[in-house]
Amino acid sequence: MDSSLMNKLKILADSAKYDVSCSSSGVERKNSGRRGSASNAGICHSWSADGRCISLLKVLFTNKCAYDCQYCTNRRSVDVQRASFEPAELAELTMEFYRRNYIEGLFLSSAVEVSPDYTAERILQCLSMLRYDYGFAGYIHAKIIPGVSQELTHAIGLVADRLSVNIELPTEASLQRLAPQKKAKAIFTPMTQITNTLIQQRSLKGPGTMFKGENLNDSLHYLHPEGKTLVPTAGAQVHLGEGSLYQMSNGGEHALIREPRYKYKEKFCPAGQTTQMIIGAGTETDRQIVKTSESLYRSFKMKRVYFSAYIPISDSPLLPSVFTAPPLTREHRLYQADWLLRFYGFTAEEMFTESEPNLDLELDPKITWALRNIQLFPIEVNKASMEELLRIPGLGTVSALRILRQRKVSAVKYDDLKKMGVVLKRARFFLTCSGKYYGEKELSPEYVRSKVLESDRIKSQLLPPKEDSQLSMFTPGSFRLEAPDSLHPNTPQRRLKTDGGLLI
Amino acid sequence: MVDYLYDGSFEGFLTCIYWHYYGEKASGIYPAAQYQPSLFYGFTEVQTEAEKATRVYEAIEKKISAYDLQRIYRVFLSSVENRELLLLNYIRLGFKEGSKTSLLHGNPYVFPVAQAEKKIGAEVHRLYGLLRFSVLEGDILYAVVEPDHDILEFMAEHFSDRYKHDPFILHDKRRGKALVAQGGEWYITAFTEANLPQFSAQEQEYRALWKKYFQTIAIQERTNPTCQKNFMPVRYWKHLTEI
């Protein structure tokens, strides 16, 4: 057998595994005489040992990189095995895997070999071969390398279902420090181009339910790539974010622009664009991160913003030490916050207060919000609107819809709620059913917090150690590594002094 | 009250429903092959009659809803215990409540049926992904599954559309039948793996590549077997190439 292909696959899958996006959703394609199809809901084909799903063949095209980003395994200055696929080789591999139902399609990212354009051309060659020579109708997610020419971005968009440009770090300061060769402008230029092309072909859709019912395909949402509207500098214009966040303005002058309409034979990027950022490599607060993703959703209409807990792989003085555990709980809370943004009608601002710029690691962001706004509760499930129902912790979009539908034919009883999928161990404190309250005692934030934590503790051992227990890095027999989430005031790790003056 | 025994077919089940309304009330409905005589009720074997089945079929569609008809069929093909009785109760409620039946989430007759439907839907979706074809000589695709529920029929549209170019056999080993498809057309038939062609020359090579990919893509620092098993229950592992 061809051992070189095996070796390439190993090297190039190994380098791609830190890319978070796995989704194969957002485009429905029936088999129209081609090979394969795409399912709108997305299909997971396997789950790896880390519990993350595998739906796409996720590989780098090459890991020979000209850049030297501090957080990256493939940076130029590090000594690792290097390999590149041949376009035909990868196209055939994808096809054979797809035929055996191993995967839903291809996720193709790449290091920067020679130059962004050189790499992008080879990627385009591979993807075109898949789409046109093999007639492949499965899913393709392609990564756009910042700095690539507009024409190549466009051409890749016509063969891919989804495009993404990684923002990598949530603030420009971190980007400058950790990835000095990547410039914010070079990241935003292709992002802007993708959003605008989607508007031109009238197929831009907002993320989740964020822009439900709104027409996004008009000149109002059209972004200007050149300087005027894109202000990636600290503190200047505050439109959507604050402080050191990337800024986007939505100035009124857009309304005057009449952009040309194109007719596309192939759909450009039908599943929209996404991006990802690394969590815990820099010093950002959760508030900055959530606000950055909110502005990415609001301005670029990203389908998803992915978060990736930083896994220390390099010994850079700029980064957390290699003994740091990845901040997985923090990543999880950020995804929950992201869900609140996209599907529950929350704004980033609501989730934080001046004194707490980070999400609570012990409780999910919705219940934290509810405890801070306890005066709004309890909510009567038989009277509340969809929006109000969605604010009740433990109640999601599916159960809220079921409540509304059943209410049309008969009143919702407390016993029905569980059968509708409501998580009563959280929800019961925040609702009444036909006027009756089921939370045992008077509704007070402290009481509810302790009750919910109690039931969570029983369920899992995932919680960080209690505040009063000393972090025992070197206690014999209990050697464990904790994330230096020094940004979270509630965790004991903040006492940990980090050397190299890196965090705080 | 009497226990009705039928031949295990959907038509047979519908004929029992017919007799429940036009004959003696049913205390239970059971496939004749698995029936254990009860202490309290006698039993009658019901002859499947297409005409009576059709009447019930159309009555469900008209008096309850087309959605409920589908739901009833899906749950009938599940392996949920006592599904005939659950469905009998559901249909009785349905003829009383009409099209709003499926909205009564808390109703004790609706809830178990909704749960059973969810189970079967979840398995169908899971197997869309957790199915591994092997390429046999002559470019035929072949996959083995042992699903909890009788779901071949619900997989047909998805796979026959996706693999229009490759003839394939989807073998339900547990039930000894298979979905056979070619060019977008499909049928379900009794099946054993006897006389199956050999694997194609490259099959082992691609299996090895896939295994290597599967091992490589996991991040060691995040190993989480509980999570893996939650999404991919161990009972499906037997037929997965990568594990």
Side-chain angles (χ1 to χ4, degrees), chain A residues 1-2 5-6 9-11 13-14 16-18 30-31 33-37 39 41 43-55 57-59 93 96-97 99-104 135 137-138 309 311-312 325-326 328 402-403 405-406 408-410 412-413 415-420, chain B residues 97 100 102-108 110-111 114-115 125-126 128-135 139 141 143 158-166 184 202-210 212-232 240-243:
Chain A
M1 103 175 264
D2 188 359
L5 179 59
M6 179 70 93
L9 181 64
K10 182 174 182 295
I11 295 168
D14 196 47
K17 67 186 179 189
Y18 300 103
K30 285 278 179 187
N31 192 333
R34 289 181 163 194
R35 284 178 174 256
S37 59
S39 151
I43 295 172
C44 300
H45 284 254
S46 193
W47 278 266
S48 63
D50 54 24
R52 302 188 309 161
C53 89
I54 301 172
S55 69
L57 171 62
K58 197 188 288 178
V59 286
L93 182 69
E96 290 296 332
F97 273 13
R99 216 148 85 93
R100 288 169 174 79
N101 206 39
Y102 297 163
I103 51 168
E104 196 65 9
I311 295 165
L328 296 180
R402 285 183 182 157
I403 289 172
R405 280 203 300 255
Q406 173 162 337
K408 285 184 193 157
V409 293
S410 90
V412 174
K413 296 192 289 292
D415 287 341
D416 297 345
L417 289 175
K418 199 183 176 93
K419 294 175 181 170
M420 290 171 168
Chain B
E97 301 285 356
K100 70 182 181 189
S102 60
L103 299 180
L104 305 171
H105 300 279
N107 188 296
V110 177
F111 182 61
Q115 288 297 98
H125 187 80
R126 198 150 46 198
Y128 281 172
L130 295 179
L131 192 84
R132 300 288 172 261
F133 282 108
S134 305
V135 178
D139 264 355
L141 300 176
H158 173 78
F159 283 109
S160 61
D161 179 60
R162 176 161 289 191
Y163 296 112
K164 242 181 232 167
H165 289 262
D166 304 279
Q202 287 183 317
E203 180 58 22
Q204 295 303 344
E205 185 181 326
Y206 281 108
R207 285 185 176 197
L209 284 166
W210 174 240
K212 178 60 84 184
Y213 176 75
F214 180 79
Q215 287 154 9
T216 314
I217 204 70
I219 298 179
Q220 292 311 319
E221 291 86 342
R222 301 183 63 137
T223 305
N224 190 347
T226 320
C227 184
Q228 184 188 27
K229 283 174 193 161
N230 279 345
F231 285 115
M232 189 164 72
L240 291 178
T241 313
E242 63 266 30
I243 294 183

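As a basis for the values below, the full set of heavy atoms in this structure was taken, side chains included, without hydrogen atoms, waters or symmetry mates. Chain letters run A, B, ... following the sequence lines, proteins first, then strands; residues in each count from 1.
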task: Can you tell which part of B:F111 gets under 4.5 Å to a heavy atom of chain A, answering side chain, backbone, both or neither?
output: side chain
- prompt: Is there a side-chain contact (heavy atoms from CB on, under 4.5 Å) between B:F214 and A:S46 once you walk through the steps?
  reply: CA-CA 9 Å; B:F214 180 79; A:S46 193; 3.2 Å; yes
- request: Calculate, to the nearest 0.5 Å, the distance between atoms CD1 and OH belonging to B:I217 and A:Y18 respectively.
  value: 10.0 Å
- line: Sequence neighbours excluded, the answer for side chain to side chain donor-acceptor pair (under 3.5 Å) partners of B:D166 is A:R99
With B:K164 via salt bridge (charged side-chain N to carboxylate O under 4.0 Å, His left out) - residues at least two apart: B:D161
query: Where do B:V135 and A:R100 land on the side-chain contact (heavy atoms from CB on, under 4.5 Å) test, with the steps shown first?
result: CA-CA 7 Å; B:V135 178; A:R100 288 169 174 79; 3.4 Å; yes
message: Contact between B:W210 and A:I103 at the side-chain level, heavy atoms closer than 4.5 Å - yes or no?
response: yes
message: Heavy-atom pairs under 4.5 Å with chain A - which of B:N107, B:T241, B:L240 has more of them than the others?
response: B:T241
task: Enter the distance from B:L130:CG to A:W47:CH2 here, rounded to the nearest 0.5 Å.
output: 5.5 Å
message: Report which part of A:L57 has an atom under 4.5 Å of a heavy atom belonging to chain B: side chain, backbone, both, or neither.
response: both
task: Flag the pair B:Y213 / A:V59 as yes when at least one side-chain heavy-atom distance between them is below 4.5 Å, and no otherwise.
output: yes
message: Please classify the contact between A:D415 and chain B as side chain, backbone, both or neither, with a heavy-atom cut-off of under 4.5 Å.
response: neither
message: Need one label for A:F97: side chain, backbone, both or neither, based on atoms under 4.5 Å from any heavy atom in chain B.
response: side chain
query: Heavy-atom distance under 4.5 Å to chain A: side chain of B:Q215, backbone, both or neither?
result: neither
message: Can you confirm whether A:L93 sits close enough to B:Y206 that some side-chain heavy atom of one is under 4.5 Å from a side-chain heavy atom of the other?
response: yes
statement: Looking only at B:R162, B:H158, B:Q228, B:R132, the option with the highest number of non-hydrogen pairs under 4.5 Å against chain A is B:R162
